[in-house]
Amino acid sequence: MNDEHLHAMRHSLAHITAAAVQRLWPEAKFGVGPVVDNGFYYDIDLGDKKISEANFPKIEKEMRGIIDYGDNFERSEMAIDEAIAWAQGNNQPYKEELLNDLKRSGTTIAKDLDVGELGLATDGVSAVDSVSFYKNGNFVDLCRGPHVDNTKDVGAFKLLRVAGAYWRGKETNPQMQRLYGVAFETQQELDQYLERLEQAKLRDHRRLGKELDLYTISPLVGAGLPLFTPRGTILRDVFAQYSNQLRQKFGFEKVWTPHITKQDLYEKSGHWAKFGDELFLVTSQETDDKMALKPMNCPHHTQIYASKPRSYRDLPVRYLETTTDYRDEKTGELGGLNRVRSLTQDDSHVFCRPDQIKDEINNLLVSARELYATIDMPLRVRLSYRDDSDGYLGEADLWASAQVQLKDAVLANAIEFFEQEGEAAFYGPKIDFMATDAIGREHQVATIQLDFVQPGRFGLEYTDSEGGLGTPVMIHCALLGSIERFLSVLIEHMAGWFPFWSAPEQIRVLTINDTVGDYVEDIKRILDGVVLMSPVKYNEIRYMVDDRNESLGKKIREATNFKIPVQLIVGQQDKDNHEVSVRTQAGEEKISLDALADYLKAI
RNA sequence: GCCGCUGUAGCUCAGUUGGUAGAGCGGCGCUUUCGUAAAGCGUAGGUCUCCGGUUCGAUUCCGGACAGCGGCUCCA
């Protein structure tokens, strides 16, 4: 049992899926069928007919028939023109397109072919002469392989879902149906995987957001416009405070900007050309100004910088603003708190001289690492570069320089990273911190971006030491990213058990009966005096008293289901001994009332 | 936006092959004052997401809208 065999198994199952579909719908046109994490998929076009999950039993039955029959996977070679003729003859236009690309440039990777380069590759240089096919039973498919020897050798599998997918990932191409399956060597491993998926649902932030009373979405307000409850708002505030305090240490100053602006601002910044159709437009009944809700804050901040002359001695100028932006995202992209139309950024912008870039980026890297280390969340760091496509602004050499400087900063901090082209912002490259949600999807949280473009477009300048004029560099940074998205990842990462310092309700006092009312008042006086100073400063204790006429068991159950980190149980015994029973996830212990404040500060 | 699926009480869900619905939890009331994950009894909650169509009759069938889920595309 090894990765290679698992890969061959899953790949073979993709073929078997396609073979089964072809038996059931002979007119099916096939795209590609690769291996993915935990399984495989196959892209299929049935024209007007659609496969739904209701068809899965029928398809799986057909697949089992093919597997049980036990055909060998037979490899053969075909000359490229012969293969194209085969695709035409069998009415497989997608395969024909792939073969033509292979013939022309030796690759079928859409990304390599899409950027206006079709036909640029010289015929015969990178082109291929012949291609390989695999045949199992009556099903023949263009394929590089490898496969298992026999259809019987494919382990345990299950068709999981069907989804739409554009041919070669292009929105303007026809949409095919993607059949996803999962596969493992043994039924036991498959069952374990499905069990893990079930477990992941328990920590889904949308489920916990409701159970823990953190936020709600009202259709009357609108999709993608979450409303935060008192508990959810505490979470937002406490993390925003932490994020701010981390940067205030490095000289960042808070600013405030309005949520609307004239569109002129974005025409100048370059956002209008790139994101114009995702702006919420605002109409003035008083003037003819065309206004928009702000979708980001950097252009606003440039205008604070530009409000007065700056000397090289004034730099860096560092602005900090936690504020909500509005983006008219496509409806199908919305989901929970991950992707919303009103997103709050813990945004900041540094305006500095070129020689200050390194230190400024270092400060931000240190802040980001400290924040995510505090909540024990592992991140992958991505250096996001531009690619050759249109839509990036600025000179090529500035881009090259910016990309090198970001990489140097990351290297200097000994941070592990991976590099990806085509992920940059239109004005500059980024260092992105990627977190993973409960079911393995990756989301960008913190981001540090280097921008040589916007300062120039806005005509920002400073007087240099020689008395001449220089253009400052901008560094954009959000440590949490979108607070909404950050919370979605945090909730799933912690499974709702927020660290003591950040929990909306940190402590619940549970009474055993109504004879301890005065003693509870003593405890409240102590709790009211506790202020945590780390990791967030001036963090007052948040607690409630549950003195309802209910059983202790029920109170414990409710407090535990609510994932309250500390329960203080108070009865006559505790009162007599001048102590409380402190119940946490770690267990329960008696703490003297005199030691309670220090105990809480040390959690 | 596109493809597929889903929408019954505050929550989790059952049900109606077309004759206007039910459970548990939660809420409320009474009893109980009970030391470690649900005390007992009673009771009130529903234009079955919304709008059209078919039908004697629609929560159920059909169409549309809205919302949610899984993908694709996109993410300043």
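Proteins get letters first, then strands, A, B, ... in listed order; numbering begins at 1 in each.
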Examine [N]: is either OP1 or OP2 under 4.0 Å from a nitrogen or oxygen in the side chain of [X]? Give yes or no.
| X | N | value |
| --- | --- | --- |
| A:Arg441 | B:G71 | yes |
| A:Thr560 | B:A37 | no |
| A:Lys430 | B:A76 | yes |
| A:Arg206 | B:G68 | no |
| A:Lys554 | B:G26 | yes |

Margin query: Judged by each residue's nearest nucleotide on RNA chain B, which is more toward the 5′ side, A:His271 or A:Gly336?
Written below: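 Nearest nucleotide further toward 5': that of A:Gly336.
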
Next item on the list: Hey, which sits more toward the 5' end of RNA chain B by its nearest nucleotide, A:Lys50 or A:Gly222?
Entry: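 Checking each residue's closest nucleotide, the 5'-ward one belongs to A:Lys50.
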
Check: P atom, B:G42 versus B:C25: distance in rounded Å?
Finding: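 The answer is 12 Å between these two P atoms.
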
Notebook entry, point to check: Using the P atom in both, what is the distance from B:G57 to B:G40, to the nearest Å?
Noted result: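 That atom pair is separated by 48 Å.
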
What contact category does [X] fall into here, base, sugar-phosphate, or nothing, at under 4.0 angstrom with non-hydrogen atoms?
| X | answer |
| --- | --- |
| A:Lys590 | base |
| A:Phe426 | nothing |
| A:Asp325 | nothing |
| A:Gly332 | base |
| A:Ala163 | base |

Of the listed nucleotides ([options]), which one gets closest to any side-chain atom of [X]?
| X | options | result |
| --- | --- | --- |
| A:Arg339 | B:C75, B:G26, B:U36 | B:C75 |
| A:Ile217 | B:C72, B:G68, B:G35 | B:G68 |
| A:Leu552 | B:G71, B:A76, B:G35 | B:G35 |
| A:Arg583 | B:G1, B:U33, B:U36 | B:U36 |
| A:Glu171 | B:C5, B:G1, B:A37 | B:G1 |
| A:Arg161 | B:C75, B:A76, B:G71 | B:G71 |
| A:Gln449 | B:G35, B:U73, B:A76 | B:A76 |
| A:Glu588 | B:A76, B:U36, B:C75 | B:U36 |
| A:Ala223 | B:G4, B:G68, B:G35 | B:G68 |

Using whole Å, report how far [atom1] of [X] lies from [atom2] of [N].
| X | N | atom1 | atom2 | value |
| --- | --- | --- | --- | --- |
| A:Arg508 | B:U36 | CZ | P | 19 Å |
| A:Lys170 | B:C72 | NZ | P | 18 Å |
| A:Leu334 | B:C72 | CG | P | 16 Å |
| A:Glu211 | B:G26 | CD | P | 15 Å |
| A:Gln444 | B:A76 | CD | C1' | 10 Å |
| A:Asp514 | B:G35 | CG | P | 12 Å |
| A:Leu160 | B:G71 | CG | P | 10 Å |
| A:Ile556 | B:U36 | CD1 | C1' | 4 Å |

[X] (side chain) and [N] (base): donor-acceptor pair under 3.5 Å:
| X | N | result |
| --- | --- | --- |
| A:Gln567 | B:U36 | no |
| A:Asp574 | B:G35 | yes |
| A:Ser551 | B:G35 | no |

Checklist line | Under 3.5 Å on both distances, the Watson-Crick or G-U partner of B:C61 | finding: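 B:G53 - that is the nucleotide pairing with B:C61, both distances being under 3.5 Å.
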
Check: Syn or anti: how is B:G64 classified when any glycosidic angle within 90° of 0 counts as syn?
Finding: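 You should classify B:G64 as anti.
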
Margin query: Whether the side chain of A:Gln454 engages the backbone of A:Tyr427 through a donor-acceptor N/O pair (distance < 3.5 Å, no angle test) should be reported.
Written below: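 A pair under 3.5 Å: no.
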
Check: With distance as the sole test, does A:Asn173 use its side chain to make a donor-acceptor pair with the main-chain N or O of A:Trp167 at under 3.5 Å?
Finding: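 Yes, the answer is positive, given that a donor and an acceptor are paired below the 3.5 Å cut-off.
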
Note to self: If stacking means aromatic ring centre less than 5.5 angstrom from the base's six-membered ring centre, planes under 30°, is A:Phe275 stacked on B:A76?
What the structure shows: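 It does: the ring sits over the base of B:A76.
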
Next item on the list: Give me the ring orientation class for A:His476 and A:His349: parallel if the planes are under 30° apart, tilted from 30 to 60°, perpendicular past 60°.
Entry: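 Correct class here is perpendicular.
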
Would you say the rings of [Y] and [X] are close, in the sense that their centroids are separated by under 6.0 Å?
| X | Y | answer |
| --- | --- | --- |
| A:Phe30 | A:Tyr42 | yes |
| A:Tyr180 | A:Tyr41 | yes |
| A:His271 | A:Phe426 | yes |
| A:Tyr305 | A:Phe351 | yes |
| A:Tyr319 | A:Phe252 | no |

